[in-house]
Amino acid sequence: MLGEDVIELDRERRQRLPSWSEIVDGLRSATSDTSDTAVEVLKRAKGRPVLQPRCGVGGHAEMLDLLRALESAGAPDLLSVTIDSHTRLRHFATADRVRRENPAQLNGYPLVAHGWERGRELVAAVGVPLQVRHGSPDGRDLFAVSLAAGITSFEGGGIGYNIPYAKDVPLADSLRAWQQVDAVTAELARSGVVLERELFGSLTAVLVPPSLSLAMTLLEAVLAAEQGVRCVSISYPQSGEVHQDVAALRAIRAVAAEYLPADMTVFTVLHEFMGVFPAGRDWAEALVHYGGLVGRLGGADKVITKTHQEALGIPTAAANAHGLRLARAACSPLLDFVRLDEGRVAEEQHWIEREVAELVTPVLERPRLATAVEAGFAAGTLDIPFSASVHARADVVPLRDPTGAIRYHAAGALPLSGDVLRRQHRLLSHRTAALTDEILADINYFADRPPWTAEKGQVPA
Amino acid sequence: MRDTTFRPRRALVLGVAASDAHAVANRLIHLMLTEQGFRVRNLGVCTPLAEFADAAAELDAAAVIIGSVNGHAVNDLADLPGLRAMGRLACPVVFGGRPSIEVGGAATGRARLRELGVDHVLDRAEQLPALLDSILAPVLTHAG
């Protein structure tokens, strides 16, 4: 089933992979007394999110050490293999050269260069499942090597791993690559191995309006369903305003029930705040803790954790484990007394669901979805703010309202209704300074606003 | 709104250095300059120096503005002397961002960029409008 008719791979790499039946057996052996697949771990969440850190370094021995250190010091439910940027862009030869000469220069683990046999050593080194996290517009070879390594979770999709990450990869190419990944995922499920296929709703990770995140992952989920996939994880980036974030996490389930096949399992994932972190340790820790609590309040099945060192660079293993423990404490019964204004959450959720419907309905009504997505981005009826890609207009401009919730200041050509846009403009009527100053203040919302020096709404210029 | 009427119509070329995919600052600076009445062609992220030269020639640009925050700017701009020797990129080249990610490496990074022929090295986007006005001013006078 890794045949050329299903998924196109580099010819030499395909020849070095084990046979399909060996790959399936390897993935099945992940389901044993001593270990689980990623999906089995997610099923255990039941109201308290399972926790996973990001982690990846260039050297193999160093990666083994990192995974073991995080497992023993942070007790994660899942661990990540974060992939370096050369591999993400399919510069496999460069990744291979750098990992031989100076692996510390890589910003992640070059799994394709290290090879699937070493990937199996990573899987065997720890007692929790691994997920490959990357950012590849075309992740097909990386996917095949991940499967051969026995890794049961793979992140990405044809929109969220292209538009925020690559300058000039046509959507037709990335969507086609990910349709092939999904076709293999569906075939594996028929063989009894259900992968976690997480869709990356964080996009550019800067001031992403919730309905835009949900619309993009929903379209990717429908595309996956077309290929036969019946299990996806849909991730959403914490905005920082709790009612909006809880509403968005709940809205994932509502829109999934509306637009996805009835037999599709959907796990919800909260990415703890992905934007500019405060440099001070105590305020950064408060933000990490807050993220865990938001995930629990929103009923997320999984939370991807952050660390108090985000503002300083790539975190140490100790800081990463500490972030896991903070999130664990935030999700514990200790804070079960916390209640939100449910009316406010319901109001937010109503509008998020309405906005998602307005964004995706015109696309889903077209006969061929992948073509419709491509046409939508070309016309600006699908768009994301601050995109790296020339294939998105980036005419959408987000800002925070007085509570900190993220709103549409400018919606570009998005097909949002008058009712939606009037509400958005009303909520932003106080934002009258020069637009770039307002955007900068919002990007630095947490970094510039230590809780003991400023009230909400008094953002330093 | 600020004065947009009196800004010369001569084009500026904006973009991010070849190895850098950070789009947010680039999008913001494009927005800021457009709001203030500058005419900007934005080449976006991951732009090789030769593409800056091509766009500058095509538009007869008054200046080229290159951003980078990933610490590889000196490497990404290494071809500047070669291009200039061929008579390309004759207009002022403005660099903005972090010339080096090493702690305390900014001064060295700035010096190396100046050695390559970068005309102006800025570390804050807010410094851009005044600098661009000073670059555009003689053109305005000349154009009457």
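Residue numbers begin at 1 in each chain, while the letters A, B, ... track the order of the sequences. Computed from a prediction, not measured in an experiment: that's the story for all the values here.
Interface residue Ile443(A): only side-chain heavy atoms are found under 4.5 Å from chain B. Contacts of Val206(A) with chain B are made by side-chain atoms alone, with heavy-atom separations under 4.5 Å and no backbone atom involved. Contact of Ser85(A) with chain B is not made at all, since no heavy-atom distance falls under 4.5 Å.
For Asp383(A) and Arg393(A), the salt-bridge test fails: no basic side-chain N is under 4.0 Å from an acidic carboxylate O. Using a 4.0 Å cut-off between a side-chain N of Lys or Arg and a carboxylate O of Asp or Glu, Asp442(A) and Arg431(A) qualify as a salt bridge. A salt bridge does not link Asp60(B) with Arg39(B): none of the charged nitrogens is closer than 4.0 Å to a carboxylate oxygen.
Exactly one residue among Lys306(A), Gln244(A), Glu272(A), His271(A) makes a side chain to side chain contact (heavy atoms under 4.5 Å, CB included) with Gln238(A). That residue is Glu272(A).
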Test log, rule salt bridge (charged side-chain N to carboxylate O under 4.0 Å, His left out), inputs Asp54(B) and Arg41(B)
CA-CA 12 Å; Asp54(B) 292 343; Arg41(B) 165 83 66 89; over 6 Å; no
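Most heavy-atom pairs under 4.5 Å with chain A, from the set Val45(B), Ile29(B), Leu31(B): that is Val45(B). If you tally non-hydrogen atom pairs under 4.5 Å between each of Ser387(A), Ala394(A), Pro164(A) and chain B, the highest count goes to Ser387(A).
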